[in-house]
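Scroll down for the structure; my scribbles are underneath it.
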Number of protein chains: 2
Amino acid sequence: MTDQAFEAHDHDACISGGVASVEQICADRGLQFTRTRQRVLEILLSEHKAMGAYEILDILRADGLGSQPPVAYRALEFLTKHGFAHRIERLNAFIACSHLEDPHAPVFLICRSCDRVVEAESDPSKGEIGRAAKQAGFVIERAVREAEGLCPGCSKPA
Amino acid sequence: MTDQAFEAHDHDACISGGVASVEQICADRGLQFTRTRQRVLEILLSEHKAMGAYEILDILRADGLGSQPPVAYRALEFLTKHGFAHRIERLNAFIACSHLEDPHAPVFLICRSCDRVVEAESDPSKGEIGRAAKQAGFVIERAVREAEGLCPGCSKPA
DNA sequence: TCTTGCTACGATATATCGTAACGACTATGC
DNA sequence: GCATAGTCGTTACGATATATCGTAGCAAGA
Ligand SMILES: [Zn+2]
Ligand SMILES: [Zn+2]
Ligand SMILES: [Zn+2]
Ligand SMILES: [Zn+2]
C-alpha cells in the first residue's frame with residue numbers, strides 16, 4: 001500500500017503507467033491532455049523528486065515546447081488542479097502524484113540527503129491537525145503536511 | 001491552552017509580553033537582542049498574521065533601521081533559528097511564535113478570508129505524519145503542518 | 001454564414017521572494 | 001588593549017511567480 005520510491009522498483013513502469021493513467025482520466029473527463037501538459041508530467045515522473053518550475057521550463061525549452069515561465073506554470077496549474085501533480089510548499093517545487101486513483105490528502109516525506117520524495121496518504125481531519133482545527137472551530141479546506149528528514153537508505157550509517 | 005488569536009483578547013498584552021519574554025530568554029542565553037531584531041519581532045507581533053519579508057522591510061525602512069533585503073532576512077533568520085518566530089511555508093511569510101515556553105512542533109491554522117494565523121502545538125511523531133514515516137522507515141527532522149481554511153468568525157454565514 | 005463563448009497558447013513585462021559577497025563596525029572574552 | 005566572533009550596511013544578483021495583452025482553434029447556436 002505504501003509508495004515504493006525509497007526502494008528499488010521498476011521505474012519505467014512508474015513513468016509509462018503514470019502517463020497512461022492520466023491520459024485515460026483526461027479522456028474520461030473531457031480534459032485536454034496537450035503535448036506540453038503530457039511532457040511536463042513525463043518530466044515530473046522521470047524521478048521521484050520534486051522539480052522547480054524553471055528546471056522544468058529549461059527542459060521544455062530544449063524540447064522546443066516553449067521558453068517563457070507561463071508555459072511551465074500553466075501546465076503545472078492544470079496538473080495540480082486536477083490532482084495529477086502536487087506542489088511541495090517546503091521546496092517551492094512540484095511532483096507527480098502517485099495516488100491517482102481517487103481524491104486524497106497527501107502527506108510527503110522529503111529526504112534532505114537524496115532529495116527523493118514519497119507521497120503517502122491519510123485523512124487530515126483525523127490526526128493532530130484535525131484535532132487542533134476542531135478545537136479552534138476552524139474549517140480545513142486544504143492541509144499541507146510535509147516531513148523533512150532522512151529516508152531509510154540515507155539514514156543507514158554505511 | 002489553545003491560542004486565542006481567532007477570538008477577542010487583550011492584544012497589547014500579546015505584544016508587550018512577547019517582547020519581554022524574548023528579551024529575557026536572550027539575556028539568559030547570551031543572545032544579542034539588537035534593535036533591529038526587536039523591531040522585527042514587534043512587527044510580527046503587531047497582528048496575528050503572517051508577514052512577508054519585504055513587507056517587514058518596508059517598515060524597517062520607514063523606521064530608518066535598514067533598507068535592503070538582507071537586513072530583514074537576517075533578523076528573521078535569528079528569530080526563526082531561536083524559535084521566536086516561525087516561517088509559514090504556504091505563504092512564504094513569517095509569524096511570531098506564540099508558544100515561547102519550550103521546544104515545540106507547531107501546527108498552523110491559516111484563515112484564507114481574514115488572513116489570521118493561529119499556532120497550535122502537537123507532537124508530529126504521533127498522528128498521521130508520524131505513522132506514514134514509521135511505515136516507510138523515514139526519520140523526521142522537521143515537519144510542516146499548515147491547514148488553510150476558514151476561521152470561526154469567517155465561516156459564519158452572517 | 002456569422003457570431004459568441006470558451007479554452008489554450010505566445011510573448012512581454014513586472015512582482016515577489018531570497019542569497020552571495022564584501023568591507024566596516026561592535027560586542028565580548030582574555 | 002587585543003583577538004575573535006558576531007553583527008551590520010550595501011551592491012548585485014538569482015529564483016520563483018503573476019499580470020497583461022493579444023491570438024488561434026473549436027463548438028454551439030442564431
Ligand atoms: Zn518509480
Ligand atoms: Zn534519501
Ligand atoms: Zn494578540
Ligand atoms: Zn478568518
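Proteins come first, then strands; the chains are lettered A, B, ... in the order of their sequence lines, and each starts at number 1.
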Would you mind reading off the distance between [X] atom [atom1] and [N] atom [atom2], rounded to a whole angstrom?
X	N	atom1	atom2	answer
B:Asp58	C:dT16	CG	C1'	12 Å
A:Leu57	C:dG10	CG	P	12 Å
B:Met51	C:dG18	CE	P	14 Å

Original post:
Considering only heavy atoms from C-beta outward, does the side chain of B:Arg142 approach that of A:Arg112 to under 4.5 Å?
Top reply: no
Original post:
Can you find a heavy atom in the side chain of B:Phe84 that is under 4.5 Å from one in the side chain of B:Arg37?
Top reply: no
**OP:** In plain terms, say whether B:Arg74 and B:Glu77 are close enough for a salt bridge, that is, a side-chain N and a carboxylate O under 4.0 Å apart.
**Re:** no
Subject >> Stretch residues 30-46 of chain B: residues that reach within less than 4.0 Å of DNA chain D through a heavy atom >> reply: B:Gln32, B:Thr34, B:Arg37
**OP:** Give a yes or no on whether the backbone of A:Ser46 and the side-chain of A:His11 come within a donor-acceptor separation of less than 3.5 Å.
**Re:** yes
Original post:
Just by modelled atom types, is the A:Leu60 backbone N or O under 3.5 Å from a matching donor or acceptor in the A:Arg39 side chain?
Top reply: no
Original post:
Which of parallel (below 30°), tilted (30 to 60°) and perpendicular (above 60°) describes A:Phe78 and A:His82?
Top reply: tilted
Original post:
Parallel, tilted or perpendicular: which describes the rings of B:Tyr54 and B:Tyr73, with under 30° parallel and over 60° perpendicular?
Top reply: perpendicular
Original post:
Among residues 65-95 of chain B, which residues get a heavy atom nearer than 4.0 Å to DNA chain C?
Top reply: B:Pro69, B:Pro70, B:Tyr73, B:Arg74, B:Arg87, B:Asn92
Subject >> Residues in ring pair (Phe, Tyr, Trp, His ring centres under 6.0 Å) contact with B:Phe138, at least two apart in sequence or another chain >> reply: A:Phe6
Subject >> Polar side-chain contact A:Tyr54-D:dG14 base: donor and acceptor under 3.5 Å >> reply: no
